[in-house]
Amino acid sequence: MNPIDVVIIGGGMITYDLLLPSIYHLQRTGFINKIKICALDSAPLKILRNSKEISEAFPGQDFEAFPPLTEPEKNKFPELYKEVIASMKPRQMVVVAMPDQFHYQVVMEALKNNQHVLCVKPLVLKYENAVEIEKLAYEKGLFVGIEYHKRFDRRSLIAKRNCELKQFGEFVMGEAKLIEPYYYRSSNFQNWFTCDKTDPFVYIGCHYVDLVYFITGLKPVEVSVSGIKGKFPNGNEGYLWTSGRVRFENNAILSVIDGLGYPDEAAGSNDQSLQMFFEGDGKTGMIKHDDQFRGVEHSYLDGIGSGGSHFNYVSPDFYKLVPWEGEGYKPVGYGFESVSASVTAAYQIEKEVEGVPESDSLARRQKMIKNIDKKGIIATPANSFINELVVEAARISILNDGDIVDIVYGQTPHVKLRSKK
Ligand SMILES: NC(=O)c1ccc[n+]([C@@H]2O[C@H](COP(=O)([O-])OP(=O)(O)OC[C@H]3O[C@@H](n4cnc5c(N)ncnc54)[C@H](O)[C@@H]3O)[C@@H](O)[C@H]2O)c1
């Protein structure tokens, strides 16, 4: 089986911190052939190409840049991704890593051009768009994975199993937190993280809502999110903090606080945790995850830690480059495992149908996609659609000062601002 080509659309932080290193590793381990990256302009592509950290980890590996690095940074190419995708061989993979509000158009473009997809979370901002994506992908026998990497954290998988075995009881009350660093405010975020487009709950709170659904299987039915606005350095106004409350179908409540404000000087690199309480027979059960301090502390001579800090809590679990048997360094952690799961799913699907006539190939691919949906480990449009409903409800709620928005399931799931009596 030939390895698959990968085109990454978007060359920003997530591409640098996780996607490109993971994809490079999958290239040298035989799953991926050629890599192309398309960004809005050449600036982020230069950072990726000139990164000492990346080139030391992946000696001799490279990507083709769109636009080319020689293009002046001021020139913008918002439509170039269409040409790059159109030039791909059928049934390779497009990795979507651009700001949330563009995911829908790029995923659809990839599917129309017969490509498998890996999309960073959230897949899209509207439930009906997720349904459209699911339908088109299934019709064409194309795999769509969504990069909810917290599902691949071992502690989430352990909790999911224990929950399936009914070892905790019935989820009743929970609290989650994910506060990203202050320095995010001076990054490219300030250009797109505006009040009208997104907020910290939608950006990162959704990870924990997805996780509670992943662990318990319970669907959220009610969302309310309040936000605190502030100014980015370029003067744009965004919600910098949010407090969200999600009620689940069994009446359980999860409260979630999020923000772009974890102190740069603190041990970080962010702050995050999940605690869930369960009702049992004459006793209660509990899950408690400290997702920030995972037991490793480093104090560096220079300020090379997150936000320029010296003293750092280091997570060996999410993503780190470490020595291995081969040349350079390899990525380890649930971030890498999550990317790898989707890339290898596309690879396995193509392997399964290699040499099979198209008349049989489609049905076989569809069967494999249904199995992945059912398994529920990799997030797909079919098994993680509650996230689109939550995101949609959250946006309505925050723009209505925290009013409750109901999620109504049934024939056509939808969200509805609850009328005030
Ligand atoms: N924990 C996570 O799962 C996680 C973490 C970070 C980011 N993300 C997601 O990744 C996405 C990108 O985030 P980021 O932090 O990398 O953002 P970023 O602002 O650093 O990068 C965005 C990139 O998109 C590119 N882009 C914008 N318009 C484009 C166009 N028309 N054509 C081609 N490229 C275009 C820009 O050039 C830039 O390289 C967001 O959806 C975010 O929610 C997920």
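First listed ligand is number 1; within each ligand, the first listed atom is number 1. This chain uses plain numbering: 1 for the first residue, then up along the sequence.
Closest heavy-atom approach to atom 16 (O) of ligand 1 within the set Ile14, Val84, Ile9, Leu123: this belongs to Ile14. Of the candidates Met13, His207, Gln190, Met98, the one placing a heavy atom closest to atom 2 (C) of ligand 1 is His207.
Taking a cut-off of under 4.0 Å to the non-hydrogen atoms of Asp100, the atoms of ligand 1 that pass are 40 (C), 41 (O), 42 (C), 43 (O). Close contacts between ligand 1 and Pro44 involve ligand atoms 37 (O), 39 (O) [criterion: under 4.0 Å to a heavy atom]. Short contacts between ligand 1 and Cys38, defined as distances under 4.0 Å to a heavy atom of the residue, involve ligand atoms 33 (C), 34 (N). The distance from ligand 1 to the heavy atoms of Gly11 drops below 4.0 Å at these ligand atoms: 23 (C), 38 (C), 39 (O).
For Tyr81, no nitrogen or oxygen atom sits less than 3.5 Å from a nitrogen or oxygen atom of ligand 1, counting backbone and side chain alike. Considering backbone and side-chain N/O of Pro99, none are found under 3.5 Å from N/O of ligand 1. Where the criterion is an N or O separation shorter than 3.5 Å, residue side chain and backbone included, Pro78 meets it with respect to ligand 1. At under 3.5 Å, a nitrogen or oxygen of His103, whether backbone or side chain, sits near a nitrogen or oxygen of ligand 1.
Nearest to atom 18 (P) of ligand 1 among the protein's heavy atoms is Asn188 ND2, 3.8 Å. Here the heavy atom of the protein found nearest to atom 21 (O) of ligand 1 is Gly12 CA, 3.2 Å. Counting protein heavy atoms only, atom 37 (O) of ligand 1 is closest to Leu40 N, 3.0 Å. Of the protein's heavy atoms, Tyr203 OH, 3.5 Å lies nearest to atom 7 (C) of ligand 1. With respect to atom 9 (C) of ligand 1, the closest heavy atom belonging to the protein is Val120 CG2, 3.5 Å. Residue, atom and distance of the protein heavy atom nearest to atom 44 (C) of ligand 1 are Lys121 CE, 3.5 Å. Residue, atom and distance of the protein heavy atom nearest to atom 25 (C) of ligand 1 are Gly10 CA, 3.8 Å.
Atom CZ of Phe318 is surrounded by more than 12 heavy atoms from other residues, nucleotides or ligands within 6.0 Å.
Residues Gln167 and Asn162 bring a donor and an acceptor atom of their side chains to less than 3.5 Å of each other. Between the side chains of Gln190 and Asn236, no donor-acceptor pair of N or O atoms lies under 3.5 Å. Lys36 and Gln92 form no side-chain donor-acceptor contact under 3.5 Å, judged by distance and modelled atom types alone.
Only one option out of Pro381, Ser342, Pro122 pairs with Ile146 in a side chain to side chain contact (heavy atoms under 4.5 Å, CB included); it is Pro381. For the side chain to side chain contact (heavy atoms under 4.5 Å, CB included) criterion with Gln272, the lone passing option out of Lys150, Lys177, Glu180 is Lys150.
Note on ring orientation: taking the six-membered ring where Trp is involved, the planes of Phe143 and His116 are tilted (angle from 30° to 60°). Ring orientation note: the planes of His207 and Tyr148 are nearly perpendicular, at an angle over 60° on the 30°/60° scale. Phe189 and Tyr203 have perpendicular rings, their planes meeting at more than 60° on a 0 to 90° scale where under 30° would count as parallel. A perpendicular orientation is assigned to the rings of Phe31 and Tyr347, their planes being inclined by more than 60° (bins at 30° and 60°).
Thr15 places no side-chain N or O within 3.5 Å of a backbone atom of Leu20 that could act as its donor or acceptor partner. Without hydrogens or angle criteria, Arg91 side chain to Glu350 main chain gives no donor-acceptor distance under 3.5 Å.
At least one heavy atom of Trp192 sits less than 4.0 Å from an atom of ligand 1.
Only the backbone of Ala97 comes within 4.0 Å of ligand 1, judged by heavy-atom distances. Residue contacts with ligand 1, taken as heavy atom pairs separated by less than 4.0 Å, do not involve Glu79 at all.
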